[in-house]
Trainee: 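Below is one structure. I have some questions about it.
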Amino acid sequence: MTRSSTRRFTALTVGVISLALMLAGCATLDADETPENDDVNSLLPPAEGKTEYPVTLTTQAGEIVLEERPERVAAVGSSGMDAELIVALGGTPVFAIEPPLWVVEASPKPIEQTVEGGGDFPIEKIATSQADLILGTTLGLEVFFAQLSDIAPLLGTPLEEDQGSGWRSRLRILGEALDLQDKAEQAIATNEQFFEQAHTEYPELQGKTAAYLIYAGEGAGLQYRSFSGSNVEDFLDSLGFARNPAAESFVDDISVSPENLLSADAEYVILSNVGSVSESELSEVKGQPLWERLGAVQSGRWVQIGNTRSGYTFDCQEYEGNLASAMAYAGPLSQVWAAEIMLPILSSLTD
């Protein structure tokens with residue numbers, strides 16, 4: 001990361017923080033003044049009075065009726081995606097499966113109960129969370145819909161997802177369920193303004209093409225993860241990169257064979273690995289005969305981001321937070337968290 005890119009990034013971050021405060025309508029309170037409807041024990045911001053209960057919401061998980069405003073929301077989606085939506089509204093989930101670093105740091109209060117991912121689905125632990133709403137917008141939970149609905153109303157994926165990663169429509173329906181519709185729009189506006197400022201602060205990246213390649217080991221090989229319609233493509237698009245025409249050819253098959261490596265080229269290339277693949281194994285990709293013929297390699301506009309089980313590595317240093325997950329599971333917080341890391345790095349490649 002160059003000194004100039006760090007300085008530009010700092011200015012960008014300060015601007016976004018100022019915007020977030022403006023959108024939230026923050027004001028200085030006198031010492032003896034208490035915000036109306038403030039409850040120090042509440043896990044959610046005060047209700048806005050826009051949702052009229054009982055309210056009926058229809059999602060891919062079915063129709064639910066909320067007789068009154070929920071107070072305790074369990075997030076059961078993988079990779080912390082559902083927990084992120086709750087935190088983006090200014091709330092704290094009572095339960096979350098492996099919440100990522102950016103969710104934990106942004107949560108107003110500690111999450112009461114968390115479990116590690118990768119094991120059996122923790123249906124019994126969810127039942128003990130005393131949740132009065134379960135947020136499960138992650139695909140793949142269909143087998144548990146009935147069990148979850150027996151615990152509390154299950155708010156699933158909206159019937160009509162918005163374009164891109166879909167987090168905006170999910171955030172809006174959650175905002176309606178929790179009577180936080182203004183908070184949802186504020187979070188969306190803050191996210192969009194961040195990237196608008198990023199486009200101004202990093203003009204050298206605008207309109208260029210980029211590719212995100214992950215090496216998944218000897219068996220699965222190299223994979224093109226920024227294929228058309230993917231969350232990664234949506235993330236790169238939000239940074240200001242142009243849609244890469246090559247991404248279309250990897251929609252049905254993301255495999256990149258050594259003989260087909262040049263078809264994965266772009267003006268910028270990000271090379272990473274799955275957490276089980278070591279840095280030495282990742283070096284095998286750069287030993288392929290066609291690697292040095294990639295345009296991004298010849299121009300020096302490529303970067304290696306190592307993905308470990310607990311974080312990521314860059315420039316021989318290890319950092320906390322799953323950067324690969326943040327780019328692959330785009331959300332209102334993860335997109336910004338990943339952009340704050342990747343923008344200065346990618347910008348430094350143009351110096």
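Please read all numbers here as calculations on a predicted model, not as lab measurements.
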Trainee: Under 4.5 Å between side-chain heavy atoms, counting indirect links through other Ile/Leu/Val/Met/Phe/Trp/Tyr residues: same cluster for Leu262 and Ile254 or not?
Mentor: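 Both belong to a single hydrophobic cluster.
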Trainee: Is the Tyr312 ring parallel, tilted or perpendicular to the Trp337 ring (thresholds 30°, 60°)?
Mentor: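 Taking Trp337 first and then Tyr312, their aromatic rings stand perpendicular (interplane angle over 60°).
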Trainee: What residue among Ser228, Ser263, Ser226, Ser255 forms side chain to side chain contact (heavy atoms under 4.5 Å, CB included) with Phe250?
Mentor: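 Only one of Ser228, Ser263, Ser226, Ser255 forms a side chain to side chain contact (heavy atoms under 4.5 Å, CB included) with Phe250, namely Ser263.
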Trainee: Membership question, hydrophobic clusters at under 4.5 Å side-chain separation (ILVMFWY): are Trp291 and Ile270 in the same one?
Mentor: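 In one cluster with Ile270: Trp291, yes.
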Trainee: Between Glu204 and Ser347, is there a side-chain donor-acceptor contact under 3.5 Å, judged purely by atom types and distance?
Mentor: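 A pair is found: one side chain offers a donor N or O, the other an acceptor, under 3.5 Å apart.
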Trainee: Have Glu281 and Ser278 got a donor and an acceptor in their side chains that come within less than 3.5 Å?
Mentor: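 Glu281 vs Ser278: donor-acceptor pair found between side chains.
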Trainee: With side-chain contact (heavy atoms from CB on, under 4.5 Å) as the criterion, how do Glu233 and Arg225 come out once you've worked through the C-alpha distance, each side chain's angles and the decisive distance to 0.1 Å?
Mentor: CA-CA 8 Å; Glu233 184 187 54; Arg225 293 293 185 92; over 6 Å; no
Trainee: Taking atom types as modelled, find out whether Glu71 and Ser42 have a side-chain donor-acceptor pair closer than 3.5 angstrom.
Mentor: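 Not at all, the side chains of Glu71 and Ser42 share no donor-acceptor pair under 3.5 Å.
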Trainee: Does a donor on one side chain and an acceptor on the other come within less than 3.5 Å for Asn322 and Tyr329?
Mentor: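 No, no side-chain donor-acceptor contact under 3.5 Å.
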Trainee: Quick one: CE on Met81 to CD1 on Ile86, what's the gap to the nearest 0.5 Å?
Mentor: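 Output value for this atom pair is 13.0 Å.
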Trainee: Take Leu133 and Arg72 through the side-chain contact (heavy atoms from CB on, under 4.5 Å) test and state the conclusion after the steps.
Mentor: CA-CA 6 Å; Leu133 179 67; Arg72 296 174 60 83; over 6 Å; no
Trainee: Drop me the distance from Trp302's CH2 to Leu271's CG, to the nearest 0.5 angstrom.
Mentor: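 It comes to 6.0 Å.
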Trainee: Look at the side chain of Asp82 and the backbone N and O of Gly77, then say whether any donor-acceptor pair between them is shorter than 3.5 Å.
Mentor: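 Checking the backbone N and O of Gly77 against the side chain of Asp82, a donor-acceptor pair under 3.5 Å is found.
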Trainee: I'd like to know whether CZ of Arg243 has more than 12 heavy-atom contacts from other residues, nucleotides or ligands below 6.0 angstrom.
Mentor: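 Enclosed: over 12 neighbouring heavy atoms sit under 6.0 Å from CZ of Arg243.
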Trainee: Regarding Asp234 and Gln335, is there a side-chain donor-to-acceptor distance under 3.5 Å anywhere?
Mentor: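 Yes, a side-chain donor-acceptor pair sits under 3.5 Å.
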Trainee: Using the side-chain contact (heavy atoms from CB on, under 4.5 Å) rule, take Leu239 and Asp237 through it: C-alpha gap first, then chi angles, then the decisive distance, then the call.
Mentor: CA-CA 5 Å; Leu239 298 184; Asp237 182 60; over 6 Å; no
Trainee: Check the pair Phe227 / Val232 against side-chain contact (heavy atoms from CB on, under 4.5 Å), numbers first and verdict last.
Mentor: CA-CA 8 Å; Phe227 57 89; Val232 178; over 6 Å; no
Trainee: Counting only heavy atoms not in Glu63, do more than 12 fall under 6.0 Å of its CD?
Mentor: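 Yes, CD of Glu63 has more than 12 neighbouring heavy atoms, counting only those of other groups under 6.0 Å.
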Trainee: CD1/Ile345 to CD1/Ile305 distance, rounded to the nearest 0.5 angstrom?
Mentor: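 That separation rounds to 4.0 Å.
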Trainee: Is a side-chain donor-acceptor pair under 3.5 Å present for Ser107 with Thr92?
Mentor: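 Short answer, yes.
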